[in-house]
Visitor: 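Supplied in structure tokens, the structure appears directly below.
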Amino acid sequence: ASSHVLHDMERLQNCLPEFRSKYRLIKRIGEGTFSTVYKAEDLQYDRYDNSWDLDRDADRWAPPPIKTSDGDGPPPPPPPPPPPARRRRPKYVAVKKIYVTSSPSRIHNELELLHVLRGCQSVCPLITAFRWTDQVVAVLPYFRHADFRDYFRNLTVPQMAAYFRSLFTALASVHKHKILHRDIKPTNFLYDPVACRGVLVDFGLAEREGYDGKPCVCHDDPAARMAKLRPLLSSTAKGGYPREDTRPSRRANRAGTRGFRAPEVLFKCTEQTPKIDVWSAGVILLTILSRRFPFFNSVDDVEAMIEIATIFGQRRMHSTALLHGCMFETNIPTVGRSGFSFEAIIQWSRDQPKAKLPDEEKVAVDFLSRCMELDPARRISAEEALHHDFLKIGLD
Ligand code: ADP
Ligand code: MG
């Protein structure tokens with residue numbers, strides 16, 4: 001470890017006196033926008049302590065063998081069967097040092113939602129938290145995982161199904177508690193491709209369902225919505241921006257990561273639902289199927305809209321915008337009227353425009369199209385997704 005990392009670790013150990021007697025920091029494992037995460041050893045670890053149940057779902061699916069390189073050698077031996085379900089306290093923990101610049105309400109929100117979600121399958125539980133003046137650290141069980149970029153190109157369809165079974169199990173239980181994660185992306189879903197298990201982490205942007213601003217027209221029935229939008233439509237039909245735009249300016253939560261934001265987030269919908277997480281999960285699947293990471297690479301929301309419009313076409317993007325009371329028009333030549341099918345996008349991304357997708361992959365593409373449905377009301381929910389044929393692949 002470099003000297004400044006060691007210096008930071010030393011400082012953290014010293015600023016929290018009780019912490020020092022309980023945990024020994026080992027190394028830095030992550031540095032995000034809002035925190036630094038260290039791997040640490042639990043000094044009071046006792047292997048006979050059975051208060052922690054981390055193997056709850058270990059035997060839910062038999063893992064297919066994983067290929068980690070493109071080599072042509074003999075296939076790797078199948079992994080050993082998962083251990084029988086047992087309860088144990090983790091020896092290693094992840095210590096998340098939340099930056100002191102985060103607001104106290106934000107830090108409180110993250111810890112509180114983790115507490116609410118304790119016991120949810122495939123969600124990384126909170127063990128404890130410490131505070132010393134303005135410094136807060138959260139302690140979570142350490143979860144072994146691989147870097148997404150190292151395996152996403154090599155997943156077979158059954159392995160993809162295992163990944164999304166685990167992710168959607170987490171999403172379904174989070175959404176059942178009426179909580180939106182808001183930042184679903186590969187670095188926040190720690191996946192072990194050998195054990196075929198993952199856990200959802202990072203509730204730093206998560207929030208409870210509901211809204212505090214004005215309602216969005218997307219929740220009106222279509223006739224009521226069109227009545228409200230008629231003035232907007234007639235002024236833009238004459239060309240250009242409405243001269244006297246009477247719509248109030250809108251503020252909506254746009255928290256999340258570029259490239260993973262759902263269309264309703266981009267169009268500043270004020271009544272966002274857990275479906276925004278399902279869209280982001282869909283973007284992960286699109287990344288895996290197209291073998292391109294990152295798939296979307298926009299610098300801002302307008303570019304992100306253009307990228308989505310390139311796939312779906314102007315017509316559908318226009319109605320999606322209207323759904324939330326916005327106009328979408330573009331004269332960018334690469335954005336066609338009707339867009340492309342996901343199958344075509346995936347074939348082009350793989351530089352195989354002519355190769356037909358195998359049937360199993362078509363099931364994955366159908367699942368993808370249900371997750372990346374532009375209208376959140378028609379998009380599949382996490383609970384429904386668990387019953388889709390794609391997530392049954394490789395189960396028996
Ligand atoms: P941030 O809010 O800074 O993004 P995260 O909670 O996403 O913080 O953690 C950042 C990184 O730290 C993760 O992407 C992951 O690599 C690592 N990490 C977080 N929690 C754990 C854990 N329980 N086990 C192992 N690694 C973890
Ligand atoms: Mg994160």
Side-chain angles (χ1 to χ4, degrees), residues 1 5 8-9 12 23-42 45 52-57 88-115 117-130 135-152 163 166-167 170-171 174 179-195 197-207 255-261 277 280-281 283-284 293-294:
V5 174
D8 284 352
M9 283 165 60
L12 180 59
Y23 300 99
R24 179 180 66 85
L25 293 180
I26 299 171
K27 61 173 181 183
R28 189 177 74 183
I29 48 179
E31 193 162 38
T33 341
F34 306 108
S35 73
T36 304
V37 180
Y38 300 95
K39 181 176 183 177
E41 183 187 349
D42 178 352
Y45 168 75
W52 279 89
D53 179 1
L54 290 177
D55 284 329
R56 282 173 301 210
D57 42 2
R88 60 178 170 78
R89 172 180 172 141
K91 180 166 165 58
Y92 293 103
V93 293
V95 173
K96 179 168 177 169
K97 174 175 159 242
I98 301 171
Y99 293 149
V100 295
T101 43
S102 299
S103 74
S105 61
R106 207 197 116 98
I107 299 173
H108 178 261
N109 181 63
E110 176 169 359
L111 297 179
E112 198 214 325
L113 296 184
L114 276 174
H115 178 70
L117 296 170
R118 70 194 180 282
C120 284
Q121 251 184 31
S122 303
V123 175
C124 195
L126 177 68
I127 297 175
T128 184
F130 294 86
Q135 180 62 70
V136 174
V137 302
V139 181
L140 309 138
Y142 176 80
F143 190 87
R144 191 188 57 191
H145 61 283
D147 188 325
F148 183 74
R149 284 165 299 189
D150 292 339
Y151 62 81
F152 81 96
Y163 180 102
S166 184
L167 176 56
L171 286 182
V174 171
I179 292 169
L180 289 68
H181 182 279
R182 292 207 76 93
D183 202 14
I184 298 298
K185 59 177 174 179
T187 49
N188 288 338
F189 179 61
L190 311 181
Y191 190 69
D192 178 347
V194 178
R197 293 210 300 143
V199 289
L200 188 57
V201 297
D202 197 354
F203 286 75
L205 296 175
E207 58 171 11
T257 299
R258 271 187 289 146
F260 292 91
R261 290 196 184 104
D277 293 336
S280 311
V283 175
I284 303 181
F293 183 64

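For ligands, and for the atoms within them, numbers begin at 1 and follow the listed sequence. Here the structure is a predicted model, which means the values were calculated and not measured.
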Visitor: With a 4.0 Å cut-off on heavy atoms, is G204 in contact with ligand 1?
Guide: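 For ligand 1, residue contact (heavy atoms, under 4.0 Å) with G204 is absent.
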Visitor: Do me a favour and list the nearest non-hydrogen protein atom to atom 9 (O) of ligand 1 with residue, atom name and distance?
Guide: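 The closest heavy atom on the protein side is V37 CG2, 3.5 Å.
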Visitor: Going through the checks in order, is the side-chain contact (heavy atoms from CB on, under 4.5 Å) test met by R106 and L205?
Guide: CA-CA 8 Å; R106 207 197 116 98; L205 296 175; 3.5 Å; yes
Visitor: Considering non-hydrogen atoms of the protein only, which is the closest contact for atom 27 (C) of ligand 1, and what is the distance?
Guide: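 For atom 27 (C) of ligand 1, the nearest protein heavy atom is L190 CD1, 3.5 Å.
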Visitor: Quick check: does E31 get an N/O under 3.5 Å from an N/O on ligand 1?
Guide: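 No - when backbone and side-chain N and O of E31 are compared with those of ligand 1, no distance drops under 3.5 Å.
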Visitor: Please indicate whether any nitrogen or oxygen in P141 is less than 3.5 Å from any nitrogen or oxygen in ligand 1.
Guide: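 Such a contact does occur with ligand 1.
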Visitor: Using the ring of Y38 (Phe, Tyr or Trp, six-membered ring only), decide whether K97 places NZ or CZ under 6.0 Å from its centre and within 45 degrees of its axis.
Guide: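 Pair K97/Y38 does not count as cation-pi.
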Visitor: Report, as yes or no, whether the 6.0 Å neighbourhood of atom CZ on R144 holds more than 12 heavy atoms from other residues, nucleotides or ligands.
Guide: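 No, the 6.0 Å shell around CZ holds no more than 12 heavy atoms from other groups.
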Visitor: Closer than 2.8 Å to the Mg ion (ligand 2), do we get an N, O or S atom from N188, backbone or side chain?
Guide: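 Yes - counting backbone and side chain alike, N188 has an N, O or S atom under 2.8 Å.
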Visitor: Is it the side chain (CB and beyond), the backbone, both or neither of N188 that lies under 4.0 Å from ligand 1, heavy atoms counted?
Guide: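 Contact part for N188 vs ligand 1: side chain (C-beta onward).
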Visitor: Indicate yes or no for a side-chain donor-acceptor contact from E110 to the backbone of S105 under 3.5 Å, with no hydrogens or angles considered.
Guide: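 Answer holds: no.
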Visitor: Strictly distance-based, threshold 3.5 Å: is any side-chain N or O of T257 a donor or acceptor partner for the main-chain N or O of D183?
Guide: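 Side chain of T257 to backbone of D183, a donor-acceptor pair under 3.5 Å: no, none is there.
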Visitor: Please say whether G30 places an N or O atom under 3.5 Å from an N or O atom belonging to ligand 1.
Guide: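 Between G30 and ligand 1, no N or O pair is found under 3.5 Å apart.
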Visitor: Considering only the protein, which heavy-atom contact is closest to atom 25 (C) of ligand 1, and what is its distance?
Guide: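 Here the closest protein heavy atom is F143 O, 3.3 Å.
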Visitor: Is ligand 1 under 4.0 Å from a heavy atom in the side chain of S35, in the backbone, in both, or in neither?
Guide: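 Both backbone and side chain.
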Visitor: Would you check the N or O atoms of D202, main chain and side chain alike, for any that come under 3.5 Å of an N or O of ligand 1?
Guide: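 Yes; the residue has a nitrogen or oxygen that sits under 3.5 Å from a nitrogen or oxygen of the ligand.
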Visitor: Given Y142 and I26, is the side-chain contact (heavy atoms from CB on, under 4.5 Å) satisfied, shown in steps?
Guide: CA-CA 12 Å; Y142 176 80; I26 299 171; over 6 Å; no
Visitor: Check each atom of ligand 1 against the heavy atoms of A94 and keep those under 4.0 Å away; list them by number with element.
Guide: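 This gives 21 (C), 22 (C), 23 (N), 24 (N) as the contact atoms.
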Visitor: Could you label the plane-to-plane angle of the F293 and F148 rings as parallel, tilted or perpendicular, counting under 30° as parallel and over 60° as perpendicular?
Guide: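 Taking F148 first and then F293, their aromatic rings stand perpendicular (interplane angle over 60°).
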Visitor: Taking only heavy atoms of G32 into account, list the atoms of ligand 1 that are under 4.0 Å away from them.
Guide: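 By the 4.0 Å cutoff, the relevant atoms are 3 (O).
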Visitor: Measuring from H115:NE2 to F203:CZ, what's the distance to the nearest 0.5 Å?
Guide: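 That separation rounds to 14.0 Å.
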Visitor: Is the backbone N or O of F189 less than 3.5 Å from a side-chain atom of H145, with the two atoms forming a donor-acceptor pair by type?
Guide: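 Not a single qualifying donor-acceptor pair exists.
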Visitor: I need the M9 CE to T36 OG1 distance, nearest 0.5 Å.
Guide: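 Taking CE in M9 and OG1 in T36, the distance rounds to 11.5 Å.
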Visitor: Identify, by name, the N, O or S atom of D202 lying closest to the Mg ion (ligand 2).
Guide: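 Looking only at N, O and S atoms of D202, the one nearest the Mg ion (ligand 2) is named OD2.
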Visitor: Can you list the ligand 1 atoms lying under 4.0 Å from a non-hydrogen atom of T187?
Guide: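 Heavy-atom distances to T187 below 4.0 Å select 13 (C), 14 (O).
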Visitor: Could you list which atoms of ligand 1 come closer than 4.0 Å to a heavy atom of K96?
Guide: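 In order of numbering, the contacting atoms are 1 (P), 2 (O), 5 (P), 6 (O), 8 (O).
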Visitor: With heavy atoms of Y142 as the reference, note each atom of ligand 1 found under 4.0 Å away.
Guide: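 Matching atoms, with element in brackets: 24 (N), 25 (C).
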Visitor: With backbone taken as N, CA, C and O and side chain as the heavy atoms from C-beta onward, which portion of H145 lies under 4.0 Å from ligand 1: side chain, backbone, both, or neither?
Guide: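 For H145, the contact with ligand 1 is made by the side chain alone.
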Visitor: Determine yes or no for a side-chain-to-main-chain donor-acceptor pair under 3.5 angstrom, with Y99 supplying the side chain and S35 the backbone.
Guide: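 Checking the backbone N and O of S35 against the side chain of Y99, a donor-acceptor pair under 3.5 Å is found.
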Visitor: What atoms in ligand 1 come closer than 4.0 Å to a heavy atom of C124?
Guide: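 Going through ligand 1 atom by atom, the ones under 4.0 Å from C124 are 23 (N).
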Visitor: Quick check against the 3.5 Å criterion: does N188 have a side-chain atom that pairs as donor or acceptor with the backbone of V201?
Guide: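 The answer is no, because no donor-acceptor pair under 3.5 Å joins these two groups.
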